[in-house]
Number of protein chains: 2
Amino acid sequence: MNAASLAPDPPAAVRPGEVGGAQSIKRAMAVLRYVASHPDGARLRDVSRDCGLNKATCHRILAALVEEDFLQPSEDGGGYILGQEALAIGWAARARQDIPALARAGMVRLSVQTGDTVFLSIRSGLEAICIAREVGAFPIKTLTLDIGSRRPLGVGSGSMALFAFLPAAERAEALDAVEPRLGAYPALSRESLVALAERTRHLGYSFNDEGVIEGMSAVGVPVLGDDGLPMAALSVAAISTRMQAPRRLEVVDLLLAEARLLSRAMTGTR
Amino acid sequence: MNAASLAPDPPAAVRPGEVGGAQSIKRAMAVLRYVASHPDGARLRDVSRDCGLNKATCHRILAALVEEDFLQPSEDGGGYILGQEALAIGWAARARQDIPALARAGMVRLSVQTGDTVFLSIRSGLEAICIAREVGAFPIKTLTLDIGSRRPLGVGSGSMALFAFLPAAERAEALDAVEPRLGAYPALSRESLVALAERTRHLGYSFNDEGVIEGMSAVGVPVLGDDGLPMAALSVAAISTRMQAPRRLEVVDLLLAEARLLSRAMTGTR
DNA sequence: CGAAAGCGTTTCATATCGTGAAATGCGGTG
DNA sequence: CACCGCATTTCACGATATGAAACGCTTTCG
């Protein structure tokens, strides 16, 4: 009934660093993030454990967020899911900067040029969310990600592109969070993720060679902001035979060019 | 530079009612909502005034939200806008329930049947946001709302449909917030909004007869949740001549039918 | 069928932490 | 130059969040 209980999840804990003060707010935001990354609902116990909060404290925070409509009890009564206000805030943020709209043209170009499937992802907490997709003409379609679907940070090429370019501290945090969920991906381990990230940072693009789905490979590049942090990631997926050496590099070049354009468009709009 | 300063805005204040406790969280959420409803950025002073918070308190809340990436300083340094996490939360909420996707088919039906433009709106704080649009075939297009654009609650037919079916307490709060912004809509006043809402609740649909844009009229209906509260609103806009008596009722019937379907789809998905 | 475990909820004494008045800093304007 | 508006920082006070513990409910297991 509840993903949280099945896949015991990441210590999303309050971020350690920075200055002090306003901790209850930060805890609340950590809870919000935590619930957001549990589409099937997060239960008090899980939030409490993974955010490192006392049950009672957690209960009060959850109650407050429910009262403010940022969360709502999931109808099966088992836990909490995002509420109306979370949606509203999201639309408001989107109105200010509609990333899929900015990216659409470039993604279409990529899908036409490569014939493969193009994905756009952003980071949400310790996961990557696919927020747009363009399907190419090549007859074998690789629809790995639906719009709205998530992957732990680092799992998949787009997700890895987001992961690899985070500051070391956040990477470490993400790794801790991701590790327990790697069971679902036999080809991956904490060590391989670290190695892949290293290579990704070195090459400037991520190459996921059947790491997630057999027979499928993908490359991804980050869309970097002014601060050097990834705002989003573009990736292209295809059957593995189409992602080998010479062609792969061509695809990467196209991706890098589009990522640069998108980066400019996004920082311009801000 | 800053809408907030130009259009002195609504006391969004912490909701009065309910139980006590966790107030700092609630204040933070009120601040978040407030910033969300100010696309051009909200400055400390404005937040402080309109949320009824001490400047220092407000400053700390804003700083905390920035640190958590739910807000970011707007690049002109003048104020605060929604940050990455707000976007992420929104996408997460959307993954759980993609309202535009659920509504698409019905909106297309409406636009085909009426030939006019169909809008889908949701509430965000004390505003309505247009989140989807279908343009009909009739040669005079009425593109009043772009996707992502906002109106104060009650202004426009979709927005009125959302407003009219709120509990009285929230209507009152919204009115206080909206009143100072009515200058932009000469045809509207606090009293006329109250009267229109009354009629809307009575008829079951809102009829905005040139109240916002001259020559244009629209009808709207709420999409009600299990709790009787509006989750969204569907509306149809056209030149006023196409919205008069006999035809208007036909359009309303179509709208009501689609709203019922959408309501079922939405509560089903949850 | 009874015991035990797991979980959500409530309580309450404690001191932590947020609060707001006021002071300081800073940039723009008359 | 003096003033004004605003952001930022400080600080003493006490309101408020905190977490251990107890309660009651449902589910699980013996």
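To find a chain, count down the sequence lines: A is the first, B the second, and so on, and within it residues start at 1.
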What are the atom names and distances for every N/O pair under 3.5 Å that joins the protein to nucleotides 4-7 of chain D?
{"from": "dC6(D)", "atom 1": "OP1", "to": "Arg45(B)", "atom 2": "NE", "distance (Å)": "3.1"}
{"from": "dC6(D)", "atom 1": "OP2", "to": "Arg45(B)", "atom 2": "NE", "distance (Å)": "3.2"}
{"from": "dA7(D)", "atom 1": "OP1", "to": "Leu44(B)", "atom 2": "N", "distance (Å)": "3.3"}
{"from": "dA7(D)", "atom 1": "OP2", "to": "Arg45(B)", "atom 2": "N", "distance (Å)": "2.9"}

Could you state the [atom1]-[atom2] distance from [X] to [N], rounded to the nearest angstrom?
| X | N | atom1 | atom2 | answer |
| --- | --- | --- | --- | --- |
| Ile61(B) | dA17(D) | CD1 | P | 12 Å |
| Lys26(A) | dT16(C) | NZ | P | 18 Å |
| Asn54(B) | dG14(D) | CG | C1' | 16 Å |
| Leu62(B) | dT9(D) | CG | P | 13 Å |

Practice problem: Go along nucleotides 24-30 of chain C 5' to 3' and tag each nucleotide: B for a protein heavy atom under 4.0 Å from its base, S when only backbone or sugar atoms are that close, - otherwise. | Solution: -------
Under 3.5 Å, side chain of [X] to main-chain N/O of [Y], donor-acceptor pair present?
| X | Y | result |
| --- | --- | --- |
| Glu85(A) | Arg33(B) | no |
| Arg96(B) | Pro39(A) | no |
| Ser74(B) | Ile81(B) | no |
| Ser48(B) | Leu53(B) | yes |

Quiz item: For the helix from dC1(C)-dG30(D) to dG30(C)-dC1(D), what is the angle between the axes at its two ends, each from 5 pairs, rounded to 10°?
Solution: 30°
Indicate yes or no: at least one non-hydrogen side-chain atom of [X] is less than 4.5 angstrom from one of [Y].
| X | Y | answer |
| --- | --- | --- |
| Leu87(B) | Ile99(A) | yes |
| Glu127(A) | Arg181(A) | yes |
| Val155(B) | Phe163(B) | no |

Quiz item: At their closest point, which heavy atom of Pro230(A) faces which heavy atom of Pro222(A), and how far apart are they?
Solution: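 Closest pair (atom of Pro230(A), atom of Pro222(A), distance): CB-CB, 4.3 Å.
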Exercise. For Ala56(A) and for Ile25(A), find the nucleotide of DNA chain C with the closest heavy atom, then tell me which residue's nucleotide is more 5'.
Key: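 Comparing both residues, the 5'-ward one is Ala56(A).
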Quiz item: By salt bridge (charged side-chain N to carboxylate O under 4.0 Å, His left out), which residues pair with Arg151(B), not counting sequence neighbours?
Solution: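 Salt bridge (charged side-chain N to carboxylate O under 4.0 Å, His left out) check on Arg151(B) returns nothing, list empty.
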Self-check item: Those residues that, when tested against Arg190(A), pass salt bridge (charged side-chain N to carboxylate O under 4.0 Å, His left out) (two or more places apart)
Solution: Asp176(A), Glu179(A)
Quiz item: Below 4.0 angstrom from OP1 or OP2 of dG19(D), is there any side-chain N or O of Thr57(A)?
Solution: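 Indeed, a polar side-chain atom of Thr57(A) lies that close.
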Practice problem: Taking only the side-chain nitrogens and oxygens of Arg60(A), find out if one of them lies under 4.0 Å from OP1 or OP2 of dT18(D). | Solution: yes
Practice problem: Applying side chain to side chain contact (heavy atoms under 4.5 Å, CB included), name anything that partners Pro73(B), two or more places apart in sequence or on another chain. | Solution: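 For Pro73(B) the side chain to side chain contact (heavy atoms under 4.5 Å, CB included) partners, ignoring immediate neighbours, are Val66(B).
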